[in-house]
Novice: 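Below is a structure I'd like to ask you about.
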Amino acid sequence: MAPSEQPARSHRYTAELAGRIEGKWQDRWEREETFAAPNPAGDLAQTPRGKRATDMEPAYFMDMFPYPSGRGLHVGHPLGYVATDVHARYNRMLGKNVMHALGYDAFGLPAEQYAVQTGQHPRVTTEENIANMRSQLRRLGLGHDARRTFATTDPEFVKWTQWIFVQIFDSWYDPQAADGRGAARPITELIAQFEAGRDTGRGAWAELDAAAREDVLQDYRLAYVSESPVNWCPGLGTVLANEEVTAEGRSERGNFPVFTRRLRQWNMRITAYADRLVDDLDAVDWPESVKQMQRNWIGRSTGALLRFSPAAGAASDAGPDDIEVYTTRADTLFGGTFLVLSPEHPLVEAYTAQRWPAGTPEPWTGGADTPAAAIAAYRRAAAAKTPLERQEGKDKTGVFTGTSVVNPATGEAMPVFVADYVLMGYGTGAVMGVPAEDPRDWDFAQAYGLPYVRTVQPAEDHPEDRPYTGEGEKINSANAEIDLNGRPIAEAKAAIVEWLGERAEATTQYRLRDWLFSRQRYWGEPFPIVYDEAGVPHALPADQLPVDLPEVPDFSPRTFAADDVDSEPEPPLGRNADWVSVELDLGDGPRRYRRETNTMPNWAGSSWYQLRYADPHNDAASVGPENEAYWLGPRGAGDSGGADLYVGGVEHAVLHLLYARFWHKVLFDLGHISSWEPFRKLINQGYIQAYAFTDARGVYVPADEVEEHTDEAGNTTYTHGGQPVAREYGKMGKSLKNMVTPEDMYAAFGADTFRVYEMSMGPLVDSRPWETRAVVGAQRFLQRVWRLAVDEETGETAVSDEPADGETRRVLHQTIAGVREDMDHFRYNTVVAKLIVLVNHLTKAGSAPREAMEPLAIMLAPLAPHLAEEIWERMGHDHTITYAPYPVADESQLRAEAVTCVVQVRGKVRDRLEVDPEIDPGELEALAIASDGAQKFLQGAAPLKVIVRAPKLVNIVPAQ
RNA sequence: GCCGGAUUGGCGGAAUCGGUAGACGCGGCGCACUCAAAAUGCGUUGCCUCACGGCGUGCGGGUUCGAGUCCCGCAUCCGGCACCA
């Protein structure tokens, strides 16, 4: 519209004016380095504000940093960033030294795939995407310390990622260290122990050559190469960590089938930290659900290893080794009627008999003439199954080995089977079959006609034809030496392990597997590892880092048909022969080495970036000790240390968050840092979801063109171009044609309105639907604030220096008290509601006293920082509102002159009284009983009982 | 199957110490201003009932003077794990 049309309202708070105000303050914050937080030491110790870090309480708030994809943001992406920004701004006003910055997690497949398509180097694409994302986010007014930003792809950052890898490679887990709790120690300490005579398991250390010594060390290093079963994904052309494989046995990325193959790959010995990763969850303030997911993922279980010997005469002539099984129910040994080996178990051959024993039931043989033939066929079939197929249907199958072991408790023979319901990857890969107390063993016993013996008295209503896994007294569990009958399960477990002596050992097992750490990709960190002629890996010293990515003719991973099980991984870095073969001096003169050609997984950079924000330019250390201790260090006994707040999506509950905890603990053990957890408090923000609409063909139509209709019966229907469409609810995105972008919001309302709306929609942790038409509510609120402070006709400041009236003071101080409380608990939705109440009161009162407007501006500043700065300045302040002290409620102003007391009869409200807040309870009781509402029920009679909660409530119970 | 979490008006949500259920916002309805519209302001808005009044926090029980809130049982939905011995 032309200005001449509406001269009277030329100073209205429109999207256009908001945009001007926002740009002004964003420029000024940048120019003045408003959000620069001083470090105690190093290059970031000085800031324009001149405050010293050591004079302030540190507060470190983090977001899960973004992957700078080229696809652009939608309104859901900034939710967490706005929340941490609100929290950070609030804490600055409480006088804390707030560190808040944002980096970029920039290695990964999308940039690589884009590079493959365009031929452009992924670094170019990545940097463009980062620049683009940075400008998109700048418009939100996030108060980040720009000096602390970085990308995981920056050579300076890669250098320290590689350095940390070397630390992990050059250490082992000493279970004796840290007073028996266990800790990572330098590998040199282990070598010294071997030199002093510690058993290597492969002969005397002094007699071993370099390659043999390295073989020994590889069993201890926290980063090691091993040939072991891994998840090979031909469709992606790379191997994957267990955490990256779905329950269906497919890749989380791309949904390709994943196969188990034995390959030589890098691993991280995260299993060494299993106990601490479980136990230390008690020290952090995280959502219980995430803690539970991590506990489940680590899967600690306590039980016992039991050893079974071959039955005399039944075994092959060779006399095979004992079979060790893991069980959590050692108490059920008397009910063990058979034994099962996983198809991959190393003792399968040794237990395979020459011929079927006389009387072997037909189903046990799998129809084969000899045990060897039956087992070979069975193993072949098992190997061809994907993990998914292996668990599908859960029908138990297996074949008899022809051999039996002896049950040490009963003396009975237990036939040994091979069956694929037993997994090689857990426990010992062998289980004792106890049909009566295990549903899986029950199913197998049913299928193969094996007997069962109950060893726990089932509950009375328990059906006879079911296994019983509940509590109860032991039965049928006695022999000449031990009698468990009548005892509870827990006691029986301990007793049986003790009785078995040499044949048993109490132990702990974990579901967690070591972390497969190498990938066959281009766009990742190269390993800081070279191999000598003997194939011995050598870590590169810090002064030779970073190892930069080589130029290669083709970035793409070599992928295969999704079901091509026999394909071999082929790392793209191997395509540059000049890079792979290198001459280096690692302390013993220049020699020729071959570089490791795998790259690190995506998770590497995010496993330690929480440290780098604290000291982003340090080129002598990943993080300087003084800066780490200040920002992340423990603040008292029992405190783990770590960032004060970490906000991000719950999808990283077991991947990133487990890896980051693991690396953090290794660095702690090695003495590089003082904190032993990376994140003290974790909040998982909810998702913003959106409605999408499909036409009669099931094709998505643009959601912003859909019209809503409500008929007289109140039914709502939707049409697009006059045709009915169906509504569904889900993610926001281009493919569902329901994407709303932050830019749309800036253009229509301004960034402050967008921020306020996102914070007011509901609790941070809940998911909620996006509704563009509701954003106007936030805009109206900010417009009212603006109108209180600024005359819309003249543009003059409208704040008065007259004192506020009593009622305004009361509302103001109630608001301050409530808002503070809510801010402390991240309840931003109710903060907004309370500020609206205050603003509505001032609007209704028709006055804007400075006494109320200044606290209002400060309370509004974390949520709508640009508008708050603008009116703060117009109220005569030269300095940014960022560090204005947060208001404190004056208790003496909170008391009202009268309060409403409800009069209840049998808990139902029957009357209301206006009373003095200080009223005497006895007086209030008399007033309540005399009230019309109460007398209607009492009719003059004395009440049976009266509960008085002065001054708010009286509940009367009449006599009848 | 196991483990977490949820269920409150047309919609998002408040009430978290057992004490006025529905704050605040969207949407709806009405009014003012306006030639008109937008914007803004004011009023109203859980359901049933003309009203008096009654009923209401997923369902069924219980504890209590009083229950959205605590206890027992059930249903539905969301998330995670799932042959882990």
Side-chain angles (χ1 to χ4, degrees), chain A residues 1 6 9 12 14 247 287-297 299-301 303 325-329 332 340 342 390-396 419-423 425-434 437-441 443-444 509-512 650-651 653-654 684 708 710 714-716 756-757 760-763 765-778 780-781 783-784 787 792 818 825 827 829-837 840 843-844 900-912 943-949 952-958:
Chain A
M1 90 191 62
Q6 283 210 330
R9 288 282 184 266
R12 289 206 55 214
T14 58
E288 197 48 45
S289 59
V290 174
K291 289 187 181 186
Q292 204 53 45
M293 277 190 244
Q294 293 215 347
R295 287 189 196 108
N296 289 344
W297 186 261
R300 178 162 66 187
S301 89
V325 306
Y326 173 73
T327 178
T328 56
R329 293 294 304 274
T332 62
V340 186
S342 157
R390 193 156 156 171
Q391 39 180 274
E392 242 168 20
K394 308 206 173 177
D395 287 338
K396 302 287 178 289
D420 69 0
Y421 81 91
V422 175
L423 309 173
Y426 186 79
T428 62
V431 303
M432 71 169 173
V434 187
E437 275 102 31
D438 184 288
R440 297 151 301 185
D441 296 343
D443 291 345
F444 189 78
Q509 290 288 325
Y510 305 91
R511 208 193 77 116
L512 182 71
V650 72
E651 68 273 17
V654 287
N684 295 124
E708 183 181 313
T710 306
N715 300 309
T716 306
V756 168
Y757 175 63
S760 71
M761 290 167 79
V765 297
D766 290 353
S767 291
R768 66 284 323 251
W770 180 261
E771 206 176 356
T772 299
R773 80 176 171 189
V775 182
V776 71
R780 286 175 189 154
F781 162 54
Q783 282 176 333
R784 280 197 290 275
R787 207 172 296 122
E792 290 193 335
H825 294 94
R827 295 195 290 252
N829 53 331
T830 52
V831 167
V832 173
K834 283 167 181 149
L835 292 177
I836 291 174
V837 170
N840 287 353
T843 298
K844 193 167 282 186
T900 304
C901 176
V902 297
V903 179
Q904 295 181 339
V905 177
R906 284 197 203 90
K908 290 204 180 293
V909 179
R910 297 301 179 184
D911 213 333
R912 290 185 165 81
L944 182 69
K945 187 171 182 182
V946 182
I947 289 95
V948 182
R949 292 282 179 276
K952 304 277 280 187
L953 178 134
V954 178
N955 190 14
I956 296 166
V957 187

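Being a predicted model, the structure only gives us computed values, none of them experimental.
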Novice: Can a side chain N or O of R511(A) be found less than 4.0 Å away from OP1 or OP2 on A82(B)?
Specialist: yes

Novice: Answer yes or no: does a side-chain N or O of T830(A) lie under 4.0 Å from OP1 or OP2 of G13(B)?
Specialist: no

Novice: Hey, what's the ring geometry for Y421(A) with F444(A), parallel, tilted or perpendicular (30° and 60° as the breaks)?
Specialist: tilted

Novice: Need one value for N955(A): base, sugar-phosphate or nothing, where a base atom within 4.0 Å counts as base even if backbone is also close, heavy atoms only.
Specialist: base

Novice: Classify the nucleic acid contact of Q904(A) as base, sugar-phosphate or nothing, counting any heavy atom under 4.0 Å across all strands shown.
Specialist: base

Novice: When you check the phosphate oxygens OP1 and OP2 of G19(B), does a side-chain N or O of K952(A) lie under 4.0 Å from one of them?
Specialist: no

Novice: Report the glycosidic orientation of G9(B): syn if within 90° of 0, anti in every other case.
Specialist: syn

Novice: What contact category does K834(A) fall into here, base, sugar-phosphate, or nothing, at under 4.0 angstrom with non-hydrogen atoms?
Specialist: nothing

Novice: Check every strand shown and say whether P763(A) touches a base, only sugar-phosphate, or nothing at a heavy-atom separation below 4.0 Å.
Specialist: sugar-phosphate

Novice: At under 4.0 Å between heavy atoms, what does R295(A) touch on the DNA or RNA strands: base, sugar-phosphate, or nothing?
Specialist: nothing

Novice: For G54(B), does either OP1 or OP2 sit under 4.0 Å from a side-chain N or O belonging to R910(A)?
Specialist: yes

Novice: Counting any heavy atom closer than 4.0 Å, what does I947(A) reach on the DNA or RNA strands: base, sugar-phosphate only, or nothing?
Specialist: base

Novice: Could you check whether R949(A) gets within reach of a base, just the sugar-phosphate, or nothing at all, counting any heavy atom under 4.0 Å?
Specialist: base

Novice: Starting at atom CD of Q783(A), determine the distance to atom C1' of C26(B), rounded to an integer number of angstrom.
Specialist: 15 Å

